[in-house]
Amino acid sequence: MSDQTQPDSPAAQPPADGEKMVFQAEVNQLLQLMIHSLYSNQEIFLRELISNGSDACDKLRFESIADSSLLEDDTELRITVSVDEEAKTVTVTDNGIGMNRDEVIANIGTIAKSGTRQFLDSLTGDQKTDAKLIGQFGVGFYSAFVVADSVTLVSRKAGESADQAVMWVSDASGGYTLNSAERAERGTEITLHIKDECKDFLNAYRLRSVIKKYSDHITFPIMMMGEVPPVPPAAEGDDEPAPEPQEARLEQVNAASALWTRPKSSIEDEEYQTFYKQVCNDYEDALTWAHNKVEGNQEYTSLLFIPKKAPFDLYDGNHQRNGIKLFVQRVFIMDEAEKLMPRYLRFVRGLVDSNDLPLNVSREILQDNKIIDAIRSASVKRVLGMLEKLAEKQPEDYASFWTEFGACLKEAPGEDFGNKEQVAKLYRFDTTHADKAGELTGLDDYIARMKQGQDKIFYITADGYQAARNSPHMEIFRDKGIEVLLMHDRVDEWMMSYLHEYEGKSFVSIAKGDLDLSAIEGVDAESDEEKAEKEKKAADVAPTIERIKKVLSDSTSDVRASTRLTSSPACVVMGEHDMALHMQQLLKQAGHELPSSKPVLEVNPTHPILDLMDNEQDDERFGDWAHLLLDQALLADGGQLEDSAGFVKRMNEMFLALRS
Ligand code: ADP
């Protein structure tokens, strides 16, 4: 047994002064990973600590709106970075909200966020990507150990007295020590004892350049000690007394300007990109952005970015994050202002700065607020407009956007009725018009290619590109050269249950309901003989169809002659409002109870198997044929057979029968 205490175990007593605590297992693992994975990107430790300091200042500024006494007489919030070459330390100090003892234990000794496990699992070994993940998961503080062999944090919470401070010390070897401490100022001071191999961080120039690079837009001043100006040598024969050596003073290193408040025309693309990376925590440039200042009835500025890559958990059911920060009159109010963007646009990052909201807004107030509603609906339009423009002007960038975020947009029809059409304009699908997967088309282009007399948009859903493309339902469309959209994303079936038309053209699944293509030019252009021939065939197979119907009465709702098939012997057709088979399958596997909907079996009157069956006197053999027809049709449609062994047995018997 160890005599150390696990801070996260429920039975643990609050640690006594000087008691050695062990890190939560995850913290340990994280530390080791971080130290090893970030060695070529060490400088980000400073960005992370400054960002924490800035958050702490934001929190204090926000709380002081309600209770101004928290600020005492220290009202200029700032972050200070200092270096001591002799002691080999770098210190980052803020006069923000600070932490009390419990908060230090909760925030710095454990990882409360459930995402940690996922974080660890998602590390790729690629340093750039992993560095980005560290930002996303908010495990920033521990990056101090990338450059430091020990870290001392002293913190005093705003509103508490000087002797209520707490000191946390760790050398990353598995635990930390807590002690009561004294601290004259409120806020947090973090001192890193820099490792020998990282001693270039003990250079003030280096630190300044790192601050400029990553933290220029932090809205609080970041201060460093300035250079002491050299004393000019006294001129010969000069009687003037030599000037006093000047004292070094703190100087502000960052520009600290709220970029979004500047006029658009004065901002370079490069500045937007740097801002994006700093504020939205991405290591890559943004794909595109929109910066808008709205004046009039309402006054606000929005700066909205589309990232290049989706965060790995964007499609997790419980992904609740939202990338929009809310500011009121340039004061940061909250992260993840979920009221500002609908869920299907959760990948958009950036900020909204309102001049109309009260400074003391809370999430509750935002719930039902006209100002917010108006900002939100205008912001949605902005994002959709920006994407439309991207699709038009930079189709390649749009294609990569679609790969990353298309599935998110597909959630829109179920969520945002009002913008359905505008979102649908952005959709891209595989199509029979192209030769291979990945050459996607939009709905406008589909419509432009529609045949004379065609007033519907035909599509098929399946669980893969090949399954869609080779589906028996496709045969008549292939024959007649009618384009079909190939939808093989999981959300497609669900999306289509909300999306009924686009530009006045209704969507029709080629695998559902009755199919009537007669109005389309070129479809009915059969010679009279061909027609007569077909009708004769249909009349010929009518008795066979009746026989099949009897055999399959339990598993089908009807059996009929098909107008869809030209080469396959049979296919199953779902009712117009039924769910596609492959979807039913998926939901069943996930344990959902579904009302059973029996498919219609359509058979191809021109197929030789039907002739064979027509001549089959043996009822048992005929039954086998009928089951084989249904089973193969189900398989081709992504369904699963209830009796797959029976299918294989029948098939083999048929093969053997060929011998005789
Ligand atoms: P994140 O900042 O993403 O939450 P960190 O590991 O960097 O993750 O910090 C964990 C928590 O510790 C923060 O959420 C915050 O509550 C607290 N914290 C870190 N640094 C400071 C600081 N300088 N002042 C006050 N609280 C801090």
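One-based numbering, in listed order, for ligands and for the atoms of each. The residues of the chain are indexed from 1 along the displayed sequence.
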### N/O separation below 3.5 Å, D55 to ligand 1
no
### Within the 6.0 Å centroid threshold, strictly below: W289 and F275
no
### Message
So that I can tick it off, tell me whether R343 and E415 are bridged by a salt bridge, with the cut-off set at under 4.0 angstrom between side-chain N and carboxylate O.
### Response
no
### Query
Which of these, D171, T152, T89, D149, sits in a side chain to side chain donor-acceptor pair (under 3.5 Å) with H193?
D149
### Query
Can you list the ligand 1 atoms lying under 4.0 Å from a non-hydrogen atom of K59?
16 (O)
### Query
What atoms of ligand 1 come closer than 4.0 angstrom to any heavy atom of I108?
12 (O)
#### Entry: Element-labelled atoms of ligand 1 that are located less than 4.0 Å from some non-hydrogen atom of F141
5 (P), 6 (O), 7 (O)
#### Entry: Shortest non-hydrogen contact from F145 toward A172
CD2-CB, 3.3 Å
### Message
Under 3.5 Å, is there a donor on one side chain and an acceptor on the other for S180 and D17?
### Response
yes
### Query
Under 4.0 angstrom from ligand 1, any heavy atom of E48?
no
### Message
Using heavy-atom distances only, which candidate in L49, V92, I97, N52 approaches atom 2 (O) of ligand 1 most closely?
### Response
N52
### Message
Does K199 have more than 12 heavy atoms from other residues, nucleotides or ligands lying within 6.0 Å of its NZ?
### Response
no
### Message
Using a 4.0 Å heavy-atom cut-off, which part of N107 comes near ligand 1: side chain, backbone, both, or neither?
### Response
both
